[in-house]
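Data block below; observations after.
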Amino acid sequence: YNLLKAHVYTSQGDFDEALVVLEHALGLAKASKGGAADKSGARQERINEQDHVSIYLELSQVHLRMKNVTAAQEIIQEAMSEFKRSKEEGRITIANAMVTAKRDVDQALGILRSVP
């Protein structure tokens with residue numbers, strides 16, 4: 001739900017609101033990863049790995065659209081660290097190349113060459 005809501009805000013050009021929604025979604029995803037309980041004590045439903053990564057990728061894209069390459073890179077680095085050696089690593093690597101291309105195209109191409 002939050003991914004879709006953020007995507008709508010992004011498509012409308014409301015990047016600040018999209019960031020708020022995505023940061024909230026990321027917080028929920030991180031909390032659910034450990035099976036943490038919410039404020040009422042109820043267990044939160046786990047967010048699957050693919051959706052969790054999608055939140056990171058959408059968040060980095062919103063930062064890029066806001067011309068904040070540094071923040072986008074930080075988000076991707078966090079995702080790379082968290083999902084290293086997972087099924088989603090390829091998606092994150094491609095996103096990393098996209099962000100890197102904003103600063104150094106040759107380095108971005110090198111990242112893409114590393115994808116098996």
Side-chain angles (χ1 to χ4, degrees):
Y1 168 78
N2 285 315
L3 268 173
L4 181 58
K5 187 175 178 181
H7 189 71
V8 169
Y9 283 129
T10 300
S11 67
Q12 294 174 343
D14 192 351
F15 304 125
D16 291 327
E17 195 60 36
L19 283 178
V20 169
V21 171
L22 288 166
E23 287 169 357
H24 174 72
L26 187 57
L28 290 174
K30 287 178 179 180
S32 76
K33 189 171 186 177
D38 66 12
K39 291 178 185 174
S40 70
R43 302 287 275 167
Q44 292 182 348
E45 187 174 321
R46 267 182 78 94
I47 295 174
N48 68 47
E49 188 173 85
Q50 184 177 6
D51 288 343
H52 195 159
V53 169
S54 293
I55 294 167
Y56 275 108
L57 300 184
E58 187 73 21
L59 188 55
S60 74
Q61 288 302 306
V62 171
H63 278 296
L64 281 180
R65 301 229 9 222
M66 296 176 75
K67 310 246 186 278
N68 191 347
V69 178
T70 301
Q73 189 67 53
E74 289 170 0
I75 295 295
I76 292 298
Q77 292 302 318
E78 184 179 330
M80 289 175 70
S81 174
E82 190 165 340
F83 294 99
K84 193 173 191 168
R85 295 184 189 92
S86 75
K87 294 178 185 178
E88 299 297 316
E89 188 174 23
R91 288 177 63 204
I92 299 167
T93 301
I94 292 167
N96 184 35
M98 288 173 57
V99 172
T100 302
K102 297 292 183 185
R103 293 190 174 156
D104 185 343
V105 173
D106 290 331
Q107 184 179 1
L109 290 172
I111 291 169
L112 290 174
R113 285 186 196 103
S114 74
V115 177

Could you measure the distance from the CG atom of L64 to the CE atom of M66? Nearest 0.5 Å is fine. 11.0 Å

A18 and A6: which non-hydrogen atoms are nearest, and at how many Å? CB-O, 3.7 Å

Nearest-0.5 Å distance that lies between atom OG1 in T93 and atom CG in L112: 9.0 Å

Atom of D51, atom of N48 and distance for their closest heavy-atom approach: N-OD1, 2.7 Å

So, for N2 and V21, which heavy atoms are closest and what is the spacing to 0.1 Å? O-CG1, 3.3 Å

Any chance you could measure S54, atom OG, to I47, atom CD1, to the nearest 0.5 Å? 11.0 Å

With rounding to the nearest 0.5 Å, note down the distance linking OG in S60 to CG in N68. 11.0 Å

Report whether V99 and M80 are members of the same hydrophobic cluster (ILVMFWY, side-chain heavy atoms less than 4.5 Å apart, transitive linking). yes

Can you measure from CD (Q50) to CD1 (I55) and round to the nearest 0.5 angstrom? 11.5 Å

Counting C-beta onward and ignoring hydrogens, is there a side-chain heavy-atom pair between L19 and H63 closer than 4.5 Å? yes

Locate the shortest heavy-atom distance separating S114 from I111; write the atom from each residue and the value. OG-O, 2.5 Å

So do the side chains of E17 and Q12 get within less than 4.5 Å of each other, counting heavy atoms only? no

Under 4.5 Å between side-chain heavy atoms, hopping through other hydrophobics if needed: is there a path connecting V62 to V69? yes

Side-chain contact, heavy-atom cut-off 4.5 Å: L3 with L22? yes

Of the non-hydrogen atoms in A29 and S32, which two are nearest, and what is the gap between them? O-OG, 3.0 Å

Got a second to check how far I76's CD1 is from N96's CG, nearest 0.5 Å? 6.5 Å

Answer yes or no: is there a side-chain heavy-atom contact under 4.5 Å between H52 and F83? yes

Taking the basic N atoms (NZ, or NE/NH1/NH2) and the acidic carboxylate oxygens, is any pair closer than 4.0 Å for K30 and E78? yes

Is E82 close to V53 at the side-chain level, that is, under 4.5 Å between some pair of heavy atoms? no

Mind checking whether K102 and K67 have side chains closer than 4.5 Å, heavy atoms only? no

Please tell me if the side chains of I92 and Y56 come closer than 4.5 Å, counting only heavy atoms from C-beta onward. no

Indicate, with yes or no, if L28 and L59 share a hydrophobic cluster defined by side-chain heavy-atom contacts under 4.5 Å among Ile, Leu, Val, Met, Phe, Trp and Tyr. no

Is there a side-chain contact between T10 and Q61 (heavy atoms, below 4.5 Å)? no

Side-chain H-bond candidate by donor/acceptor type, T70 with R103, under 3.5 Å: yes

